[in-house]
Each structure stands twice: as structure tokens, then as C-alpha cells.
Amino acid sequence: MSILDISVPLNENTPTWPGSPGVRVRRYKRLEDGNDCNNSCLECDLHAGTHVDAPSHFLRHGPTVDKLSLGVLIGPAFVVDMGDIKRITAQDLDQCVRFSGVKRLLLKTSNSEIWRKGVREFKKDFVALAADAARWVVDRGDIALIGVDYLSVQCYADGPETHRILLEGGLIIVEGLNLAGVSPGAYEFICLPIALSGVEGAPARAVLRTPEACRTDCRNSMGDGERQ
Ligand SMILES: [Zn+2]
């Protein structure tokens, strides 16, 4: 398959952080009731499912999600398999990320199995980055976006350091990716948070395109151009 949907389905069964209002969809007009259309509204924790964190999530004067660079949210990315590591440290990243010049780094961990199995309850023992791993990412200087495969980039019991280090370092954080079945390697990453104004995060649809798909699309569109 040339386009891999790495988003988590958003519905009332989507696991959310303890204390979160979660996700609620309400149908307020129904065809069955004699209306001429169906209409629904959504009440949703902005950090439910696949979503993007903006700096204002943890930084008082940080930019909001509508101010994030689309140029960073779209482009070449590398998926790295972190195996069964339970807490990602700087040393782990040093061993697993063996290349330079990658602007978008997506970390696949055992968390993706939680999505694959469709576990409904929130898992507190998810894999995330220790503060020294966040520092490692920022100090590299070439990474502008980091993606993780559960609902937070920092471990459940940790303080806010991991988020703060990454956001102060200017990185965009994408959380709640489902990388089950995705092989490690290079892809084109496309992640578009909905255009909510003035808030600290937003749900997003995220996909990967394989390098072959990018090349084929390019060839096809160039072919169309020649025929015109
Ligand atoms: Zn978040």
C-alpha cells in the first residue's frame, strides 16, 4: 500500500488521559427524524487520538497550534524502530538513530501494539522519552518534529521536563501515532492538525507515503502535463 494511515480512529471509545472529558459525538439532526440532513457536533479533548502539541501547551507565551509551520508538518521523515525499550533515553537514541540530516523523526515502540489490539483503556505504562532523550533530540539541531506512538511524549509519572525541553527547542510534537505494521525507514510524512485558532493542540490526520508512491505520483503528474 502506498499511503499508510497512521492516525488513530477518533470516537467515544478512543482512550484518553485520566481526567480528560474524552471524545463525544452528538447527532443533533437526523434524517430519520424528518430532517433533510444529518448534522453532528463534537466535544473532544484536543489531546485525544492522533494530535499535535503546540508550544503553548507548556510554555506561557508559546505559539498556538494555528501558528505551526505546515512546512515542518509535511515532508521527508524517518521511522525508527525502538524495539521493546520501556523508557527512551539519550543513550537509546544514540544507538537507534544512526543517521543525520533527518528533520522529522517518528519513533515506533511497543505502544503501537496497544493501537493494533484496539485497547480501550488508557495505559499508564506506555513508552516515552526521558528528559535526557528530549535534550538529545534538541541538541542534534537538525530535528524539527518528533512523533511518538502513544498519547504523550513524556512518561506518565514524569514531570513536564520532556515536553518543555522539546517545545522550548522549537520542535513540533505529534502524539498518538499508530505505527503498527509500518517498517522502519524513509517516508513522506503528512500531518495536518485542524485549523483551530488560539489553542495549544489539535487532532490531526497523519499519513505516510512510501518513496515509491511519491515517485510514481510525480511521474504521473509530469505525464499529464505533457499531454495537455
Ligand atoms: Zn498532547
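First listed ligand is number 1; within each ligand, the first listed atom is number 1. Just so it is clear, the structure is predicted and the values come from calculations on it, not from any experiment. All heavy atoms count here, side chains included; hydrogens, waters and symmetry mates do not.
Taking the side chain to side chain contact (heavy atoms under 4.5 Å, CB included) definition, one finds that Thr64 meets it with Ser56, Asp66, Lys67, sequence neighbours left out.
When the shell of 6.0 Å around CD of Glu113 is examined, it contains more than 12 heavy atoms from other residues, nucleotides or ligands.
Legend: protein N/O/S atoms lying under 2.8 Å from the Zn ion (ligand 1), waters omitted, number 4.
Hydrophobic cluster of Val25: the remaining members, joined at side-chain heavy-atom separations below 4.5 Å, are Leu10, Val23, Leu42, listed by chain and number. If you chain together ILVMFWY residues whose side-chain heavy atoms come under 4.5 Å of each other, Tyr28 ends up in a group of its own.
Judged by distance alone, the side chains of Asp84 and Ser110 never bring a donor and an acceptor atom under 3.5 Å apart.
Trp115 contributes a side-chain N or O that, together with a main-chain N or O of Leu177, makes up a donor-acceptor pair within less than 3.5 Å.
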